[in-house]
Amino acid sequence: MSDLVTAEDLFFNRAGLDRSRVDGVVDNALAGCDDGELFLEYCQSESLMFDDGRLKTASFDTAQGFGLRAVAAEATGYAHASALDEEAIRRAAATVQAVRAGAGGTFMEPPAGTNRQFYADDNPLALTDFAVKVKLLADIDAYARGRDARVRQVSASLTGEWQVVEILRPGQDPVADIRPLVRLNVSVVVEQHGRREAGSHGTGGRVTYARYLEPETWQAAVDEALRQALVNLESVATPAGEMVVVLGAGWPGILLHEAIGHGLEGDFNRKRTSAFAGLMGQRVAAPGVTVVDDGTLPDRRGSLTVDDEGSPTERTVLIEDGILVGYMQDRMNARLMGQRPTGNGRRQSFAHPPMPRMTNTLMLGGQHDPAEILASVENGLYAVSFGGGQVDITSGKFVFSCTEAYRIEKGRKGAPVKGATLIGNGPDVLTKVAMVGNDMALDPGIGTCGKEGQGVPVGVGQPTLRIDGLTVGGTAL
């Protein structure tokens, strides 16, 4: 634990709560329920934005509160407040008790304990002076403008968060976690012959700012953003139609996350609204395709020592060699489906109930060299990076926009293209994976996943993939 503060110190010593009295309120509120917990949270966050050569915005925020949940069968009662006092918790208890409606459930077994820790609990906001953070952003601006005379605009942002949580439930020792999270983002606009294009790069994780203060780290981020912008200056219109698409390693795994990952979350399958519902044990992907969700990767943006229900995170195999073998589960959906929780119960904050969510969702590497994959394609598209997209969980249909892509011509990377979109169906795409590269890579640490109005940090990863017969939306006439 950090020598600055602990969960015990924040929620009981400083807030003035009496642990035995709070335990009694929780025990009474959840008596006769199948599950539930009191979720306590304290969170500090900050954001600095440097644009047009000056510091544009700087903000700092502190939030604290609790969420009390009672679960009886499929019914959930949830109450929350930003006041950390016993009276507020008692009022919440009176509210959530209504869900049991005379039922006498057997309370679900508590999560197993863990002594693992996948990130340090240092507070990144407190360890680095404000002036040092501002200087970092100013240095980024100056470095980017000095790299190429075509640079017209530079934007850089630094964000950090330090979250302390404690989870209480009847008959269980309290479970606490202290979670750092930082992110550095750089965007560059270049101009040549009257044409302007942009490039961006971000990086982050559950670490302190120290890593991003190192010149080799932030200069690499600037160089990558500038490289993308200069590539886009040379881009041509995208041809449209059905073609072979090669996805690059790393961040393109966001397509896997959105088009496939959500469909493997327990709630969608319990309600049979997922395209994968009822397919356990069946082939859902081409041979060689193995997909896992792994919340145990050290320092990664999507990793958690314990999830927001207190369950230790795991490496959960979802698809193994093309066969559907698992779902991501929180406690409620696991109980209702007769399965076990996988450490995927997540929530945005104390004001939100938990639900099954991804952590770091990855496709494992295969046997093919990336150069071999490119060489196997006569004509197609090589998609290296993605921006936004839309997905229908029920059908699996998706549309994704490419921020960096190239034509493939006679087995070689050709001209960069602009305005490419990928259109398809997630379950269908899995069956069209023809070659899996041996270069599995993780994203740089920038993902945020939205579901039912809640956003949580996530990670993605994949190797280079060849997908046969994917629809490409383009701009070429």
Side-chain angles (χ1 to χ4, degrees), residues 1-27 29-30 35-45 62-69 80-86 88-89 92 108-127 160-181 206-208 295-296 298-300 302-314 330-331 341 343-354 357 359 456-457:
M1 285 288 185
S2 167
D3 59 0
L4 295 177
V5 73
T6 65
E8 175 75 21
D9 185 35
L10 274 174
F11 300 126
F12 294 94
N13 298 337
R14 297 189 188 184
L17 293 174
D18 181 277
R19 182 174 290 281
S20 63
R21 291 171 65 89
V22 170
D23 284 344
V25 173
V26 173
D27 290 351
L30 302 184
D35 201 8
E37 73 286 312
L38 176 67
F39 180 85
L40 304 172
E41 179 186 9
Y42 176 89
C43 185
Q44 293 180 348
S45 59
T62 299
Q64 64 179 15
F66 72 87
L68 180 62
R69 181 179 65 147
H80 63 88
S82 57
L84 281 175
D85 62 71
E86 184 181 326
I89 296 173
M108 189 175 177
E109 284 292 317
T114 179
N115 58 6
R116 303 174 305 169
Q117 190 172 5
F118 301 120
Y119 33 82
D121 53 19
D122 298 312
N123 185 344
L125 284 64
L127 290 177
E161 181 179 291
W162 187 68
Q163 181 193 41
V164 183
V165 304
E166 183 164 309
I167 298 128
L168 304 174
R169 57 170 43 91
Q172 180 195 4
D173 291 334
V175 177
D177 196 18
I178 299 181
R179 305 163 176 171
L181 187 68
R206 294 198 180 278
V207 294
T208 68
T296 71
D299 298 336
R300 298 301 302 179
S303 295
L304 293 169
T305 298
V306 293
D307 71 5
D308 293 321
E309 298 179 306
S311 300
T313 54
E314 302 178 4
D330 64 352
R331 286 172 58 85
N344 289 95
R346 305 191 63 187
R347 66 182 96 200
Q348 179 175 313
S349 74
F350 67 87
H352 304 84
R357 304 293 299 272
T359 57
V456 296

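Computed from a predicted structure; not experimentally measured. Keep in mind that the numbers below use all heavy atoms, side chains included, and drop hydrogens, waters and symmetry copies.
Note on R179 versus E161: no salt bridge recorded, every NZ/NE/NH1/NH2 to OD/OE distance being 4.0 Å or above. A salt bridge is defined here as a Lys NZ or Arg NE, NH1 or NH2 lying under 4.0 Å from an Asp or Glu carboxylate O, and E37 with R69 meets this definition.
No side-chain heavy atom of W162 sits under 4.5 Å from any side-chain heavy atom of L127. Contact annotation: the side chain of P180 never approaches that of Q163 to less than 4.5 Å [non-hydrogen atoms, C-beta and beyond]. V456 places a side-chain heavy atom less than 4.5 Å from the side chain of R357. The closest side-chain heavy-atom distance from P457 to R206 is below 4.5 Å. With contacts defined as side-chain heavy-atom distances shorter than 4.5 Å, the pair R346/L304 qualifies. In this structure, the side chains of P298 and S303 stay at 4.5 Å or more apart for every pair of heavy atoms.
For Y119 against T305, the heavy-atom pair with the smallest separation is OH-N, 2.8 Å. Contact between F12 and L168 at its shortest, heavy atoms only, is CZ-CD1, 4.2 Å. Minimum heavy-atom separation, V165 to F39: CG1-CZ, 3.5 Å. Contact detail for P341 and S311: the closest heavy-atom pair is CB-OG, 4.4 Å. Listed here is the closest heavy atom pair of T313 and D307: CG2-N, 4.2 Å. Smallest separation of non-hydrogen atoms from E309 and G345: OE1-CA, 3.7 Å.
Remark: of the listed residues L38, D27, D35, D35 is the sole one forming a side-chain contact (heavy atoms from CB on, under 4.5 Å) with R169.
The number of heavy-atom neighbours closer than 6.0 Å to CZ of R19, taken from other residues, nucleotides and ligands shown, is above 12. Heavy-atom contacts from other residues, nucleotides or ligands closer than 6.0 Å to CD of E8 number more than 12.
Atom CG in L17 sits 5.0 Å away from atom CD1 in I89 (nearest 0.5 Å). Taking CG from D308 and CZ from R331, the interatomic distance works out to 13.0 Å, rounded to the nearest 0.5 Å. Separation of atoms OG (S349) and NE2 (H80) is listed at 7.5 Å; rounding is to 0.5 Å. Separating the CZ atom in R347 from the NE2 atom in H352 is a distance of 10.5 Å, to the nearest 0.5 Å. Taken from CD1 in I178 to OG1 in T6, the straight-line distance is 6.5 Å, to the nearest 0.5 Å. The CD atom of Q172 sits 11.0 Å away from atom CG of D23, with the distance rounded to the nearest 0.5 Å.
A donor-acceptor pair under 3.5 Å is formed between the side chain of E41 and the backbone N or O of F350.
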Intermediate values then yes/no, side chain to side chain contact (heavy atoms under 4.5 Å, CB included), V175 and E166: CA-CA 5 Å; V175 177; E166 183 164 309; over 6 Å; no
In sequence, state the C-alpha distance, the side-chain angles, and the governing distance for F118 and D299, and then conclude on side chain to side chain contact (heavy atoms under 4.5 Å, CB included). CA-CA 6 Å; F118 301 120; D299 298 336; over 6 Å; no
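With no hydrogens or angles considered, no side-chain donor-acceptor pair links Y42 and D9 at under 3.5 Å.
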